[in-house]
Amino acid sequence: MRTDEYFVHKAIEIAQQARQEGNEPFGAILVKNEEVVMIGENKINTLCDPTHHAEIGLIRKFCSEHHVFDLSEYTLYTSCEPCVMCSGAMVWSNLGKLVYSVSHDQLAEIAGSNIMISCEEVFEKSPQHPEVVKELLNREGLKVFEGYQFDV
């Protein structure tokens, strides 16, 4: 049986891959019935698209390719708590569950402040409320950011 830890570990590996490819170090995996159905990595530099975060890119691609709007039976595993934009995409796609490693507050300490709204705050004010599991494999997730310099 594959666990939440297994999939978060994979999302962290994808974040490391994104970093090695010259993008920001964020990765995501979409899972249904313990099977990976799509992976996503941050590609903002590769695609010259500031909106191509791991989570929103994954949601956009999966829903488009599979002609679905409802992800209520899916879990999204991410290396880092999603930003407000990605959290909004999770609401609009009716995501069932979110599991992440590095928290929004921890990222702010590493990368500096940005739009300081947690995913849970977005979910609380929305019609859809995915289940949230926080800071799983947190130390492992934080290692991806060691020595990384964000462009601010």
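Numbers here simply count residues along the sequence, with the first being 1.
Of all heavy-atom pairs spanning Leu137 and His9, the tightest one is CD1-N, 3.7 Å.
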- Message: Walk me through whether Asn45 and Glu21 qualify under side chain to side chain donor-acceptor pair (under 3.5 Å).
- Response: CA-CA 9 Å; Asn45 294 327; Glu21 293 174 3; over 6 Å; no

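In this structure, the separation between CG on Leu71 and CG on Leu98 is 12.0 Å, given to the nearest 0.5 Å. Atoms NZ and CD, from Lys32 and Glu73 in turn, are 4.5 Å apart once rounded to the nearest 0.5 Å. For the atom pair CD of Glu131 and NZ of Lys97, the computed distance is 4.5 Å after rounding to the nearest 0.5 Å.
The neighbour count for Glu65 CD, taken as heavy atoms of other residues, nucleotides or ligands under 6.0 Å away, is above 12.
Side-chain polar atoms of Ser101 and Asn138 form no donor-acceptor pair below 3.5 angstrom. Looking only at atom types and distance, the side chain of Ser103 has no donor-acceptor partner in the side chain of Asp105 under 3.5 Å away.
The backbone N or O of Phe123 lies less than 3.5 Å from a partner atom in the side chain of His129, making a donor-acceptor pair. For Ser126 (side chain) and Gln128 (main-chain N/O), no donor-acceptor pair under 3.5 Å exists by modelled atom type.
The aromatic ring centres of Phe26 and Phe145 sit less than 6.0 Å apart.
When side chains are defined from C-beta on, Arg60 counts as touching His52, because their heavy atoms get closer than 4.5 Å.
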